Amino acid sequence: MGDYLIVGVHSDAEIMEHKGPPVINEKERYAMVRAIKWVDEVIEGAPYVTEIETLDKYNCDFCVHGNDITLDVDGNDTYRKVKAAGRYKECQRTAGVSTTDLVGRMLLMTKTHHMIGHDVPSRSSGDNPSINILQCSVALGSEISLGKLKQKSCSSMSSPYTGVSQFLPTTRKIIQFAGGKEPAPGDTIVYCPGAFDLFHAGHAAFLREARKMGDFLIVGLHTDKEVNRYDGGNYPIMNLHERTLSVLACRYVDEVVIGAPPEITGDLLDHFKVNVVVQGMTHIQPVADGVDPYEEPKKRGTLKLIDSKSDLSTAKIVARIIENRIRFQQRNKKKQEKELRMIQLLERRRSEDVERRKSEELQRHKTEAREQGRQDTVEEVFE
């Protein structure tokens with residue numbers, strides 16, 4: 001939409017006032033957004049309600065947001081001022097990608113959400129198609145079986161913006177995220193395998209350090225089945241397709257191997273002409289047969305350990321959600337209620353606009369009829 005992208009990131013205090021408790025704190029969010037390859041500059045502590053003065057201060061021509069509703073604490077459109085000034089543009093919101101959905105996965109603690117075809121919205125005759133059983137768990141606030149959950153009423157969770165739908169990966173979407181860059185002759189190629197689940201500031205810090213080890217960074221993403229084998233529980237929270245796009249969005253990453261083998265073999269290293277293999281300070285999980293996955297890089301002397309200086313992990317983020325379960329349930333419920341009120345208001349305004357235009361048309365027709373000496377009835381006018 002432009003030539004230079006500035007992203008304004010809200011402070012924890014602003015989010016708490018207008019929306020509820022943030023999952024990721026402001027410092028982590030600032031670091032995450034800076035790691036996104038399309039972002040040129042980050043404004044810390046941007047106001048929740050976008051002001052014309054903010055756009056002018058940073059020489060911004062216009063403001064961009066998705067086509068979903070964002071409301072302040074009083075239930076007003078947070079972009080109303082820039083819209084009124086004609087300095088607002090909209091992009092299509094990506095279906096199936098939402099913080100609310102991810103929070104729902106963590107609260108429900110299923111083991112099938114990362115499998116295509118599981119935990120998708122119910123479409124029985126009595127159900128709203130925008131309602132997902134994962135989202136229902138957030139509303140109901142109880143750990144019950146999926147069978148019982150489907151029978152519960154979840155009528156309050158019906159906003160088309162907070163309600164979730166399954167993300168459908170396409171080759172076009174991957175191409176949009178992939179840079180298409182190839183290593184140049186003589187480049188030092190770095191390989192880094194892992195899950196990279198719920199891509200966070202800790203991952204970004206690690207990949208930034210990994211990129212410093214060479215010229216071209218390849219990330220090998222393990223399959224959902226493999227991640228579940230070594231992490232257990234309901235991991236991964238995000239499926240392989242979601243994790244692929246998350247990693248591709250990182251400015252330090254040049255290429256991703258989708259469904260990389262758990263063992264780093266000589267064939268893999270030779271195929272990608274890998275010079276350096278990097279590993280973080282976390283415990284190395286053996287593959288299914290007990291073999292050290294880094295055995296070959298160790299033999300070649302190409303394995304390097306990296307300390308990202310970040311203690312943030314996927315498990316810690318999940319723990320935050322679980323520990324603050326009630327607060328996040330209340331946050332999602334409050335968000336739904338505000339969105340539904342705004343939808344009802346917009347529908348009422350549209351209805352009033354239709355009636356107003358109908359009345360104006362009728363009055364215009366009557367005026368024309370009088371000027372021409374005709375006396376049409378109301379029924380004839382509408383015919």
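Bear in mind the structure is a predicted one, so any value in this text is a computation, not a measurement. These numbers come from the heavy atoms of this one structure, side chains and all, not from hydrogens, waters or symmetry mates.
A salt bridge is absent between Glu361 and Arg357; no separation between the charged side-chain nitrogens and carboxylate oxygens falls under 4.0 Å. Look at Glu226 and Arg229 and you find a salt bridge, because one of the NZ, NE, NH1 or NH2 atoms lies within 4.0 Å of a carboxylate O, short of that distance. Under the 4.0 Å criterion applied to side-chain N and carboxylate O atoms, Glu347 and Arg350 are assigned as salt-bridge partners. Ion pairing of Lys273 with Asp187 is absent here, as no side-chain N (NZ or NE/NH1/NH2) approaches a carboxylate O to less than 4.0 Å.
Here Glu26 pairs with nothing under the salt bridge (Lys or Arg N to Asp or Glu O under 4.0 Å) rule; sequence neighbours left out. Residues passing the side chain to side chain donor-acceptor pair (under 3.5 Å) test with Asn25 are Glu28, sequence neighbours excluded. In this structure Lys299 satisfies the side-chain contact (heavy atoms from CB on, under 4.5 Å) test together with Glu295, Glu296, sequence neighbours excluded. Shown here are the salt bridge (Lys or Arg N to Asp or Glu O under 4.0 Å) partners of Lys89, two or more places apart in sequence or in another chain: there are none. Take Tyr191 and apply the ring-ring contact (aromatic ring centres under 6.0 Å, His included) test, not counting sequence neighbours, and it matches no residue. Listed by chain and residue number, nothing satisfies the ring-ring contact (aromatic ring centres under 6.0 Å, His included) test with Tyr252 (two or more places apart in sequence, or in another chain). Scanning for side-chain contact (heavy atoms from CB on, under 4.5 Å) contacts around Ala13 gives Ser11, with sequence neighbours left out. Among residues two or more places apart in sequence or in another chain, the ring-ring contact (aromatic ring centres under 6.0 Å, His included) test is passed with Tyr58 by none. With sequence neighbours excluded, the residues satisfying ring-ring contact (aromatic ring centres under 6.0 Å, His included) with His222 are Tyr230. Annotation: side chain to side chain donor-acceptor pair (under 3.5 Å) contacts of Gln285 (sequence neighbours excluded): none.
Asp215 places a side-chain N or O within 3.5 Å of a backbone atom of Thr188 that can act as its donor or acceptor partner. Although no hydrogens or angles enter the test, the distance criterion places a donor-acceptor pair under 3.5 Å between the side chain of Glu242 and the main chain of Asn239. Side-chain atoms of Lys316 come within 3.5 Å of backbone N or O of Asp311 as a donor-acceptor pair.
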Between Lys81 and Glu53, does the side chain to side chain contact (heavy atoms under 4.5 Å, CB included) criterion hold? Intermediate values first, please.
CA-CA 10 Å; Lys81 297 180 181 180; Glu53 291 76 15; over 6 Å; no
Could you check Gln279 against Tyr294 for side-chain hydrogen bond (donor to acceptor under 3.5 Å, both in side chains), going step by step and ending with a plain yes or no?
CA-CA 9 Å; Gln279 162 68 19; Tyr294 292 91; 2.4 Å; yes
Start with the C-alpha gap between Phe196 and Cys250, add the side-chain angles, then the distance that decides, and say whether side chain to side chain contact (heavy atoms under 4.5 Å, CB included) holds.
CA-CA 12 Å; Phe196 293 93; Cys250 181; over 6 Å; no
Any chance you could lay out the side chain to side chain contact (heavy atoms under 4.5 Å, CB included) test for Phe206 and Val278, step after step, and finish with the verdict?
CA-CA 10 Å; Phe206 171 72; Val278 295; 4.2 Å; yes
Determine, step by step, whether Leu221 and Ile258 satisfy the side chain to side chain contact (heavy atoms under 4.5 Å, CB included) criterion, reporting the C-alpha distance in whole Å, the side-chain angles of both residues, the deciding distance to 0.1 Å, and the verdict.
CA-CA 5 Å; Leu221 285 178; Ile258 305 173; 5.8 Å; no
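Counting heavy-atom neighbours within 6.0 Å of Lys27 NZ, excluding the residue itself, gives a total of 12 or less. Counting heavy atoms of neighbouring residues, nucleotides and ligands inside a 6.0 Å radius, atom NZ of Lys304 does not exceed 12 of them. By the neighbour-count criterion of 12 heavy atoms within 6.0 Å, atom CD of Gln176 is densely surrounded, having more than that number from other residues, nucleotides or ligands. Enclosure of atom CZ in Arg356 by more than 12 non-hydrogen atoms of other residues, nucleotides or ligands within 6.0 angstrom is indicated. Surrounding NZ of Lys57 are at most 12 heavy atoms belonging to other residues, nucleotides or ligands under 6.0 Å away.
Linking ILVMFWY side-chain heavy atoms closer than 4.5 Å, directly or via other members, places Ile36 and Tyr4 in two distinct hydrophobic clusters. Note on Val33 and Ile6: separate hydrophobic clusters, where clusters join Ile, Leu, Val, Met, Phe, Trp and Tyr whose side-chain heavy atoms are under 4.5 Å apart, directly or indirectly.
Between the CZ atom of Arg300 and the CD1 atom of Ile264 there is a distance of 11.0 Å, given to the nearest 0.5 Å. Residue Lys309 holds its NZ atom at 10.0 Å from CZ of Arg208, rounded to the nearest 0.5 Å. The CD1 atom of Ile189 sits 9.5 Å away from the CG atom of Asp254 when rounded to the nearest 0.5 Å. Between atom CG of residue Leu240 and atom CG of residue Asp197 there is a gap of 11.0 Å, rounded to the nearest 0.5 Å. Taking NE2 of His200 as the start and CG of Leu312 as the end, the distance is 5.0 Å to the nearest 0.5 Å. Taken from NE2 in His203 to CG in Leu198, the straight-line distance is 8.5 Å, to the nearest 0.5 Å.
Here Val82 sits in one hydrophobic cluster together with Ile52, Leu55, Tyr79, Tyr88; the rule is ILVMFWY side chains under 4.5 Å apart, joined directly or through other members. Hydrophobic clustering, defined by side-chain heavy atoms of Ile, Leu, Val, Met, Phe, Trp and Tyr closer than 4.5 Å, groups Phe62 together with Met1, Val64.
Smallest separation of non-hydrogen atoms from Val73 and His18: N-ND1, 3.0 Å.
Looking only at side-chain heavy atoms (C-beta outward), Ile15 and Arg29 come within less than 4.5 Å of each other. In this structure the side chain of Thr302 never reaches within 4.5 angstrom of the side chain of Val274, judged on heavy atoms.
Across Met32, Met238, Arg243, a single residue satisfies side-chain contact (heavy atoms from CB on, under 4.5 Å) together with Phe199, and that is Met32. A side-chain contact (heavy atoms from CB on, under 4.5 Å) with Met213 is found for one member of Val277, Asn275, Ile306 and no other, namely Ile306.
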